[in-house]
Student: 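Provided herewith is a single structure, encoded as structure tokens, for subsequent inquiry.
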Amino acid sequence: MLLNPRQQEAVKAIEGPVLVLAGAGSGKTRVITEKIAHLIQRCGYPARHIAAVTFTNKAAREMKERVGQTLGRQYTRGLTVSTFHTLGLTIIRKEVTKLNMKPGFSLFDDQDSFALLKALTEPELDGDKTLLKLLQSQISNWKNAMLSPEQALAQAQQPDDQMFAEFYRRYQQNMKACNAIDFDDLILLPTLLLKTDEQSRTRWQNKFHYLLVDEYQDTNTSQYELVRLLVGERANFTVVGDDDQSIYSWRGAQPQNLALLQKDFPKLKVIKLEQNYRSHGRILKAANILIENNPHVFDKKLFSEMEYGVPLRVIYGRNEEHEAERVIAEIVRRRFLERTPYHQFALLYRGNHQARVFEKALISNRIPYRMTGGQSFFARAEIKDIMAYLRLLVNPSDDTAFIRIINTPKRGIGPHTVERIGDLAHELHVGLYEAADHQALKTRLGAREYQSVQYFVDFMKRAARRCDHGADAASALFDLLKLIGYEEWLYESSPSVSAAEMRWKNVNELMRWITEMLKGDDDAEPLTLEQAVAKLCLRDMLSRNEEEEQGDQVQLMTLHASKGLEFPHVFMVGMEEGLLPHQSSIDEGMVEEERRLAYVGITRAQQSLIFTMARERRQYGDVIRPEPSRFLYELPQDDLEWEEQAKANEAARENARASGLELLRKAMED
DNA sequence: ACGGATGCAGGCATA
DNA sequence: CTGCATCCGT
């Protein structure tokens, strides 16, 4: 298919800054892909001087794949297609010395950060979960806004803010001691470095001559700053975004960055893609009308040349179980009547917890399904354990990893012993692992405990040595796994044999990835253990391994996770006040973002769209009777069939037929 | 002092 | 329903 004029314009505008406002389903991935091809083939840009940045690994993989298909693999060698975070990691790794970091640094995920925060605020916060979560997101906000602990403290108005700023300082200090950085640092550190160090800035500006950024409305302040620093004076770049699909302000995204661009780059060329190739007319109309309730920076009206399609529907369940049953009945009906395969249906919901009921119903009806997101592979305890072993191997200062595995599997080292090690570490100003290996520990522990600790340190040392020198790090890891008896431990500690089997399977899957990464393959260089561990921490696997088998399965995911995807038939479930818009968003006056979320959901649908809700819903202990979501009332009612209304129409039609009132029947059908 | 078991509390944003 | 705390047995 040929590109339309607007798309062509977007592809061919290569001098100076370009903003592509790409509505949902307007073919933006295609534009980015074609543009990369154009730059390489027509404009003589070497692939290694082009970088395309996305937000998710999935998007990055897909884009790499599609550029490869368009151009042929040999042309894409050296091309950088990665997420912001991976790009940040690349820069950090090349600049470790300038950043005063030791190689082999650990990447803390949210859980690791949380654990650390909890530990170092113990006296003040006493493990208060809500406060800790608040603190964690506050620190994240500060980092995304590029504020140091000192600046945060200076800005603090109330004593509470001052306390949080103080915790922020403590946190940073401890991260440094652990030779660890968190996800926000992956952007912040490169940004600060490029800002202050001219040499580094020049190096990276010379590395990338052209920059493309996808989902630009999701960038936060430090990401935007990084973009600006990377493109420099030359300002040759293309960003693609849609302010109507900005749904991540809660993690620091600044959709204003779209407008800011025009101010910072007066020469900015703005191109709108408004033709939608995805959805039937009715669906698009509904989406347009809904989003008109929001204020806009750039006016944009999507149109479609596709058929108008069937009406949108609203169906009810008595309660959430019944809601799920009705959705499933509809899927089954359409599968048999219209031969629609399962994979063409998607169930979209606001919160992960909503998935449970639907999962249950799908299982009991033996309908295959695939759930994206939710409890991910890397959140599983067994994976976190193994990852902690790996992290400690490459970074002996990683105290969080040490604490996780010092007694997993159980080897007789309890909290008391760990505390003693902690005391010593504190006195000597070293990490826990180093303290555990210290002479002085012998006099402070009982003989049995000391021996257990020695045993642990001993095999870790040996494993680390084999990983460093030996060509075969992989087999060292397998031996380590054997030695600690992890498989046996899983069978002892799991609630059932099948759970243990599952967990062991996961561990093996992880080991397989590592082995492959260490070995390398056709389009991937062999990695050091250090690099492999970092990649795993970013959940950034090279090959397509972690794509699970995709049979004919109903798709389940959150509205957030659905962005960028499309499905022939969509169910948006739980369309109720309190769920969508979510109660806390209503309370905080953040309904506009919820509306965008609804907009994202609606524009995923290609052919049919059904909204569902429950009349009664269990919440915590009690039962509530939710109101229909305000968004349903904002949709064009002519294109929306409410169930009762449909039933009423049906009844009237029936009556008319029975009484032979031909005219009335005709009227009803209009 | 460690580790397993049992009982109770609070819990749902969204990657 | 899950995760943590506490208690008790070894």
Side-chain angles (χ1 to χ4, degrees), chain A residues 54-60 83-85 109-111 114-115 118 126-130 132-134 136-137 140 144 182-184 186 215 218-220 245-253 320 348-357 359-360 372-379 381 406-420 444-453 489 492-495 538-540 557-565 574 576 578-588 590-591 593-598 600-601 617-622 624 626:
Chain A
T54 64
F55 273 82
T56 64
N57 292 309
K58 195 173 169 191
T83 63
F84 260 107
H85 290 106
D109 66 16
D110 283 3
Q111 282 184 54
F114 187 86
K118 190 177 169 187
D126 193 32
D128 183 322
K129 216 173 159 183
T130 7
L132 281 165
K133 284 271 177 234
L134 197 66
Q136 192 178 25
S137 76
S140 178
N144 290 333
D182 61 27
F183 277 18
D184 297 320
L186 287 173
E215 304 282 12
D218 289 338
T219 52
N220 59 40
Q245 292 186 67
S246 153
I247 52 176
Y248 287 110
S249 72
W250 50 275
R251 57 178 218 211
E320 54 219 294
L348 308 182
Y349 36 81
R350 176 67 232 259
N352 274 309
H353 62 281
Q354 290 173 258
R356 289 199 92 91
V357 188
E359 248 191 302
K360 235 164 125 181
T372 319
Q375 264 288 23
S376 85
F377 186 77
F378 286 89
I406 181 65
N407 202 29
T408 307
K410 299 268 179 276
R411 50 178 76 91
I413 303 173
H416 185 256
T417 311
V418 175
E419 189 137 333
R420 285 289 128 75
R444 307 188 180 208
L445 292 177
R448 212 182 32 229
E449 286 77 24
Y450 181 70
Q451 207 175 21
S452 302
V453 174
W489 152 251
E492 282 164 28
S493 63
S494 301
L538 274 176
R539 290 97 173 98
D540 180 19
M557 69 193 74
T558 63
L559 286 161
H560 282 93
S562 76
K563 192 164 76 155
L565 306 176
E576 299 152 23
L579 277 176
L580 182 68
H582 193 273
Q583 190 55 49
S584 31
S585 301
I586 299 173
D587 296 342
E588 290 161 43
M590 306 277 288
V591 175
E593 178 143 320
E594 299 287 300
R595 190 176 285 111
R596 289 194 288 270
L597 200 50
V600 166
R617 190 174 290 275
R618 270 194 308 280
Q619 203 173 45
Y620 304 113
D622 38 37
I624 55 159

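Please read all numbers here as calculations on a predicted model, not as lab measurements. Proteins get letters first, then strands, A, B, ... in listed order; numbering begins at 1 in each.
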Student: Rounding to an integer number of Å, can you tell me how far Asn144(A) CG sits from dA15(B) P?
Tutor: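 Between P of dA15(B) and CG of Asn144(A): 17 Å.
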Student: Using the P atoms only, state how far dA5(C) lies from dC12(B), rounded to an integer number of Å.
Tutor: 16 Å
Student: Do any side-chain nitrogens or oxygens of Asn407(A) fall under 4.0 Å of OP1 or OP2 in dG3(B)?
Tutor: yes
Student: Tell me, for nucleotides 7-14 of chain B in 5' to 3' order, what letter each nucleotide earns: B for a base near a protein heavy atom under 4.0 Å, S for only sugar-phosphate near one, - for neither?
Tutor: ----BBBB
Student: Run the side-chain hydrogen bond (donor to acceptor under 3.5 Å, both in side chains) test against Ser584(A) and tell me which residues pass, sequence neighbours left out.
Tutor: His582(A)
Student: Anything under 30° is parallel, anything over 60° is perpendicular, the rest tilted; go ahead and classify His560(A) against Tyr248(A).
Tutor: tilted
Student: Considering residues at least two apart in sequence or located in another chain, which fulfil the salt bridge (Lys or Arg N to Asp or Glu O under 4.0 Å) criterion with Asp109(A)?
Tutor: Lys384(A), Arg539(A)
Student: Measure NZ/Lys563(A) against C1'/dA15(B) and give the value in whole Å, please.
Tutor: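 The answer, rounded to whole Å, is 10 Å.
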Student: Is it true that Glu492(A) and Lys410(A) make a salt bridge, defined as a side-chain N closer than 4.0 Å to a carboxylate O?
Tutor: no
Student: Looking at Arg350(A) and Leu579(A), would you say the former's side chain and the latter's main chain have a donor-acceptor pair under 3.5 Å?
Tutor: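 Not confirmed, Arg350(A) side chain does not pair with Leu579(A) backbone.
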Student: Dot-bracket for DNA chain B, 5' to 3', counting Watson-Crick or G-U wobble pairs under 3.5 Å, with [ ] for crossing pairs and | for inter-strand pairs?
Tutor: ||||||||||.....
Student: Hey, which of these two, Asp110(A) or Gly414(A), hits DNA chain B nearer its 5' end, going by closest nucleotide?
Tutor: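 Looking at DNA chain B, the more 5' nearest nucleotide goes with Gly414(A).
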Student: For Val357(A), give me all partners under side-chain contact (heavy atoms from CB on, under 4.5 Å), at least two apart in sequence or on another chain.
Tutor: Glu320(A), Glu321(A), Ala324(A)
Student: For the pair made of CZ in Arg420(A) and P in dC2(B), what is the distance, rounded to whole Å?
Tutor: 10 Å
Student: Sticking with atom P, work out how far dG3(C) lies from dT14(B), rounded to a whole angstrom.
Tutor: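 Going atom to atom, P in each nucleotide, I get 15 Å.
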Student: How long is the line joining CD of Gln354(A) and P of dC1(C), in whole Å?
Tutor: 17 Å
Student: Using the side-chain heavy atoms of Lys410(A), tell me which of these nucleotides is nearest: dT2(C), dG4(B), dA1(B).
Tutor: dG4(B)
Student: With sequence neighbours excluded, what pairs up with Glu576(A) under the salt bridge (Lys or Arg N to Asp or Glu O under 4.0 Å) test?
Tutor: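 For Glu576(A), the residues satisfying salt bridge (Lys or Arg N to Asp or Glu O under 4.0 Å) (neighbours in sequence not counted) are Arg617(A).
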Student: Would Arg356(A) and Glu359(A) pass as an ion pair if we require N to O under 4.0 Å?
Tutor: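 So Arg356(A) does not pair with Glu359(A) through a salt bridge.
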Student: Could you go step by step and tell me if Glu449(A) and Thr417(A) meet the side-chain hydrogen bond (donor to acceptor under 3.5 Å, both in side chains) rule?
Tutor: CA-CA 7 Å; Glu449(A) 286 77 24; Thr417(A) 311; 5.2 Å; no
